[in-house]
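First the structure, in the form of structure tokens, and then the observations on it.
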Amino acid sequence: MGTSVQVTPLCGVYNENPLSYLVSIDGFNFLIDCGWNDLFDTSLLEPLSRVASTIDAVLLSHPDTLHIGALPYAMKQLGLSAPVYATEPVHRLGLLTMYDQFLSRKQVSDFDLFTLDDIDSAFQNVIRLTYSQNYHLSGKGEGIVIAPHVAGHMLGGSIWRITKDGEDVIYAVDYNHRKERHLNGTVLQSFVRPAVLITDAYHALYTNQTARQQRDKEFLDTISKHLEVGGNVLLPVDTAGRVLELLLILEQHWSQRGFSFPIYFLTYVSSSTIDYVKSFLEWMSDSISKSFETSRDNAFLLRHVTLLINKTDLDNAPPGPKVVLASMASLEAGFAREIFVEWANDPRNLVLFTETGQFGTLARMLQSAPPPKFVKVTMSKRVPLAGEELIAYEEEQNRLKREEALRASLVKEEETKASHGSDDNSSEPMIIDTKTTHDVVGSHGPAYKDILIDGFVPPSSSVAPMFPYYDNTSEWDDFGEIINPDDYVIKDEDMDRGAMHNGGDVDGRLDEATASLMLDTRPSKVMSNELIVTVSCSLVKMDYEGRSDGRSIKSMIAHVSPLKLVLVHAIAEATEHLKQHCLNNICPHVYAPQIEETVDVTSDLCAYKVQLSEKLMSNVIFKKLGDSEVAWVDSEVGKTERDMRSLLPMPGAASPHKPVLVGDLKIADFKQFLSSKGVQVEFAGGGALRCGEYVTLRKVGPTGQKGGASGPQQILIEGPLCEDYYKIRDYLYSQFYLL
């Protein structure tokens with residue numbers, strides 16, 4: 001049998017709940033994503049709590065709450081202690097996302113599920129990987145290789161490839177095939193025939209009918225219309241994910257149109273977020289990277305966007321129409337909730353949602369059709385204690401300190417009694433005869449004097465006699481004193497802690513105002529009141545989630561053509577729809593497990609390790625194909641002296657085999673190649689490529705069906721047998737390696 005693979009959903013199947021899945025490969029347990037929702041519902045983590053102690057490694061795919069939100073809580077409360085792997089942006093931006101979540105909650109409630117220290121502890125030991133970096137696990141995971149690949153959707157977002165004995169398990173959720181302003185599209189299509197593909201059906205029922213240019217125009221026109229009549233625009237956004245694309249759209253449009261309306265980005269960590277992002281250009285789209293290489297122009301030097309970290313700065317801004325991007329997107333907490341309550345009753349104002357609100361949140365309620373005229377909102381605020389409350393608090397704290405000091409003194413007294421009780425001479429007075437000092441040649445040489453004291457017996461618990469002397473002799477060489485370089489290395493976590501006191505810089509450290517808020521220990525309380533908010537403002541929802549739509553998902557899965565498919569993270573209707581489509585058109589083995597239902601997706605193929613003999617390899621001729629080298633080998637299986645399987649040369653002449661074309665041709669790339677050879681070429685209907693006047697080339701499935709059917713694809717050349725036909729065919733053959 002092949003590599004043993006089992007998949008167990010812990011959260012996020014047949015609904016829109018956060019993502020968390022247990023994937024076991026030959027007994028090695030991966031927790032892929034560790035998400036929570038903005039309601040912080042602990043009941044969602046019950047399945048995780050039952051297996052947290054058995055987790056061997058954690059893989060994180062995106063830096064938002066739905067993918068990483070439960071990590072601090074799980075490590076503090078559930079016994080999760082496995083190493084965590086993520087890309088650098090997911091690590092850094094995920095840390096800021098959790099900071100923003102905590103500070104937003106702490107300002108409106110006695111939030112105690114996790115603390116800032118818990119967040120730091122969870123993220124300080126994350127192992128950061130770059131895209132396509134193969135990381136070989138050791139110990140229990142010996143032989144397993146993990147690697148993140150571009151997913152799109154969010155900065156640093158990852159598709160995870162897990163390889164064992166030549167078989168691939170691909171985890172791909174929330175990916176985007178479309179290239180955006182700050183992100184390249186996913187590379188999921190580069191994987192072909194993996195043993196297992198775990199993917200989501202979130203947008204399986206949604207088809208995007210609007211081109212990006214048209215969508216952006218509608219987005220900007222809607223904002224401009226409300227600004228021009230004197231209204232304000234609120235965009236509830238996440239902390240450090242999809243908001244980056246929105247900032248670039250607004251920044252570019254304001255630069256082109258010369259608008260004077262101010263734009264504010266308001267979160268508790270907005271300055272730190274942009275500082276980090278400015279240093280992550282190599283993780284962004286090709287256009288941003290090339291622009292920086294040629295002109296040193298950083299796309300996130302936002303000249304029209306003001307970064308704010310508290311509501312007071314917004315209240316003190318000049319009056320007039322403005323655009324505010326504020327967290328949280330769910331409107332359950334954060335500055336966006338406060339601003340919505342203040343602006344909702346003005347019909348000139350606009351609340352523009354760019355993603356579907358999480359189930360059960362205020363944002364989801366406002367996105368319903370028709371939207372509500374009134375909503376009941378509980379508003380809470382943390383205020384410092386004053387007057388009698390402050391006096392009572394201080395008295396209580398003083399009482400607790402006195403009790404703690406009393407307990408400490410009692411413990412110290414007990415320890416002292418125990419120490420003296422072990423010394424037989426502790427009751428006798430100590431007599432020191434100062435005349436009994438002698439010169440003694442000790443271990444330090446004749447230049448030193450040891451003090452001998454008659455009548456003094458040190459207690460048994462003492463480490464050394466009084467006033468011990470230590471010789472701190474340093475080692476020297478021809479270049480000076482020998483030092484240990486490790487003593488002078490500043491660890492990443494030490495730098496991060498020190499950053500809280502140093503202000504913001506290009507490394508994305510927390511600015512002084514945010515740090516002071518985190519370190520604020522003034523006594524305070526939370527005051528709450530319920531409001532009935534009249535919703536007179538405009539409510540508009542546009543799709544800027546950055547996910548592939550249903551048609552693209554089906555095409556992508558068909559191209560990848562996995563041996564076995566596991567569907568997660570979607571409502572029941574979307575999950576069943578995609579499941580039936582894949583069963584009928586792509587893959588005979590499709591699974592959609594329930595929570596804590598384990599599905600065995602072990603490959604039906606048998607894998608063996610063999611040794612290539614020197615005699616065989618000496619006659620093999622390799623040919624370069626991309627980043628790899630390929631060759632056709634005819635051999636027979638034998639055994640080495642150590643009884644290991646080995647491939648040996650054939651004893652006689654090998655029988656002929658059918659020619660095999662190795663490679664993957666993209667029609668768009670072949671079109672550019674033909675154009676460079678002087679061939680007139682253009683796309684015709686149905687994805688066909690018209691080459692010259694008579695020849696047409698198209699890519700089809702093995703059954704002749706257009707599009708992406710499962711199995712190896714074929715390329716058909718149609719046209720009369722003429723000079724152009726043979727020339728195009730030769731060009732086509734040159735794109736492959738013939739075995």
Side-chain angles (χ1 to χ4, degrees), residues 57-58 60 71-72 75 81-96 99 115-131 133-142 145-148 156 269 271-272 275-283 439-452 458-459 461-512 514-516 518-519:
V58 181
L60 303 178
L71 188 63
M75 288 195 164
S81 58
V84 182
Y85 300 87
T87 61
E88 183 73 21
V90 168
H91 167 244
R92 294 295 182 184
L93 301 182
L95 178 68
L96 294 178
Y99 279 164
T115 65
L116 291 171
D117 288 339
D118 297 330
I119 297 172
D120 290 336
S121 177
F123 281 88
Q124 68 181 1
N125 293 322
V126 172
I127 300 172
R128 279 93 85 181
L129 306 179
T130 59
Y131 282 143
Q133 176 185 349
N134 290 325
Y135 187 89
H136 296 260
L137 301 182
S138 57
K140 184 180 177 182
E142 185 71 32
V145 181
I146 60 174
V269 292
S271 300
S272 303
D275 282 341
Y276 270 127
V277 169
K278 285 189 289 190
S279 65
F280 287 151
L281 299 185
E282 72 272 19
W283 298 85
D439 289 346
V440 179
V441 179
S443 60
H444 304 300
Y448 294 88
K449 291 184 178 181
D450 287 346
I451 299 177
L452 304 181
S461 59
S462 298
V463 177
M466 294 178 66
F467 312 121
Y469 176 80
Y470 301 101
D471 183 12
N472 296 323
T473 303
S474 301
E475 296 184 9
W476 295 73
D477 59 15
D478 294 339
F479 300 98
E481 182 181 354
I482 298 176
I483 65 172
N484 181 9
D486 293 338
D487 295 339
Y488 300 89
V489 174
I490 301 177
K491 297 181 179 179
D492 289 342
E493 54 266 30
D494 295 333
M495 294 178 66
D496 290 341
R497 293 192 189 101
M500 296 178 62
H501 309 281
N502 295 335
D505 58 24
V506 296
D507 292 329
R509 298 172 181 172
L510 295 174
D511 53 72
E512 185 176 351
T514 304
S516 64
M518 290 182 172
L519 300 173

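What you are looking at is a predicted structure, and each value in this text was computed from that prediction instead of being measured.
With Asp120 contributing its side chain and Asp117 its backbone, the two residues share no donor-acceptor pair below 3.5 Å.
The shortest heavy-atom contact between Met75 and Ala82 is CE-O, 3.8 Å. Across Tyr276 and Ser279, no two heavy atoms sit closer than the pair O-OG, 2.6 Å. When all heavy atoms of Pro89 and Phe280 are compared, the pair lying nearest together is CA-CE1, 3.8 Å. In this structure, Pro72 and Ala122 approach most closely via the heavy-atom pair CA-CB, 3.9 Å. Across every non-hydrogen atom of Trp283 and Gly156, the tightest pair is CE3-CA, 4.5 Å. Closest non-hydrogen pair, Arg128 versus Gln133, comes out as O-OE1, 4.5 Å.
Under the 4.5 Å side-chain criterion, counting only non-hydrogen atoms from C-beta, Leu95 is in contact with Ile119. Taking the side chain as every heavy atom from C-beta outward, Val58 and Val126 never approach each other to under 4.5 Å.
Not counting sequence neighbours, Phe123 has no partner by the ring-ring contact (aromatic ring centres under 6.0 Å, His included) test. Residues satisfying the side chain to side chain contact (heavy atoms under 4.5 Å, CB included) criterion with Ile483, sequence neighbours excluded, are Tyr488.
For the pairing with Pro148, the side chain to side chain contact (heavy atoms under 4.5 Å, CB included) check across Thr87, Thr130, Val90 returns one residue only, Thr87.
Inspection of the Thr115 and Asp118 side chains reveals an N or O donor paired with an N or O acceptor under 3.5 Å.
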